[in-house]
Amino acid sequence: MLLPAKAEVARQLRRYRAWERVMLAAPNDRTVRTTFEDSGYTLCVLMGKRCAREAADAAERYLRTNQVAYLQEQQVTRLQEQQVTCLQDQQVTRLQEQNERPRPAAAVRRRPPAAERRSPAGR
């Protein structure tokens, strides 16, 4: 796996955190929000994450550790995510199987034959 230069990660993380502070100070400013979201997207691409918060956390971990330790940590994280996905798939399959099982027939109430249904007033 290719890893970005630590200097670039540090620069993008500083940029993301700075725009985060500005955005929190002025949440209604569309230009600020757009720039903040762009900085988050850049960090996501750089760190290979789908969410800006995850990317920022990954960037901080990456800057704290050496490359080998970071790669090992990423492998463990991926394995854990795969296990969770597998368990979720098993649960979905189990629920689908439960929905496909035949259900016991409900008691059907039958009406008396038409000749017996007439009331004495309707002769």
Side-chain angles (χ1 to χ4, degrees):
M1 173 182 190
L2 290 176
L3 293 174
K6 285 196 173 194
E8 183 64 19
V9 172
R11 187 174 77 80
Q12 290 299 331
L13 183 60
R14 280 194 307 273
R15 181 174 181 259
Y16 174 78
R17 292 296 185 204
W19 281 109
E20 182 179 38
R21 287 189 296 275
V22 173
M23 200 273 304
L24 290 172
N28 295 328
D29 187 340
R30 287 182 179 240
T31 305
V32 170
R33 181 174 289 277
T34 301
T35 309
F36 168 66
E37 289 173 355
D38 287 347
S39 68
Y41 177 77
T42 302
L43 200 57
C44 285
V45 171
L46 197 62
M47 299 309 298
K49 299 292 181 184
R50 293 183 181 187
C51 168
R53 288 186 187 270
E54 288 177 9
D57 291 342
E60 289 171 350
R61 280 193 311 273
Y62 177 58
L63 293 173
R64 279 194 309 262
T65 61
N66 63 24
Q67 291 181 352
V68 174
Y70 179 76
L71 286 174
Q72 288 172 343
E73 182 180 306
Q74 292 302 306
Q75 286 178 333
V76 169
T77 302
R78 257 187 246 109
L79 286 173
Q80 290 170 341
E81 289 171 355
Q82 288 173 350
Q83 288 172 343
V84 167
T85 302
C86 183
L87 289 173
Q88 289 171 341
D89 290 346
Q90 288 173 354
Q91 288 175 341
V92 167
T93 303
R94 203 172 304 121
L95 289 173
Q96 288 172 342
E97 288 171 353
Q98 286 176 353
N99 287 337
E100 292 172 0
R101 289 184 188 153
R103 293 193 175 97
V108 177
R109 299 189 90 183
R110 297 187 181 196
R111 297 178 7 186
E116 296 177 20
R117 273 190 275 152
R118 291 190 185 160
S119 68
R123 294 181 207 184

Minimal heavy-atom distance between L46 and E8, with the atoms involved, is CD2-O, 4.1 Å
Which atoms form the tightest heavy-atom contact between A59 and L43, and what is the distance?
-> CB-CD1, 4.3 Å
Exactly one of M23, E20, R15 clears side chain to side chain contact (heavy atoms under 4.5 Å, CB included) with S39, and that residue is R15
Give, for atom CH2 of W19 and atom CZ of R33, the distance between the pair rounded to the nearest 0.5 Å.
-> 13.0 Å
Nearest-0.5 Å distance that lies between atom CG in L24 and atom CZ in F36 = 7.0 Å
Is R50 close to C44 at the side-chain level, that is, under 4.5 Å between some pair of heavy atoms?
-> no
Taking Y62 for the side chain and M47 for the main chain, is one N or O donor matched with an acceptor at less than 3.5 Å?
-> no
Restricting to pairs with a member in residues 37-61, which pass ring-ring contact (aromatic ring centres under 6.0 Å, His included), not counting sequence neighbours?
-> none
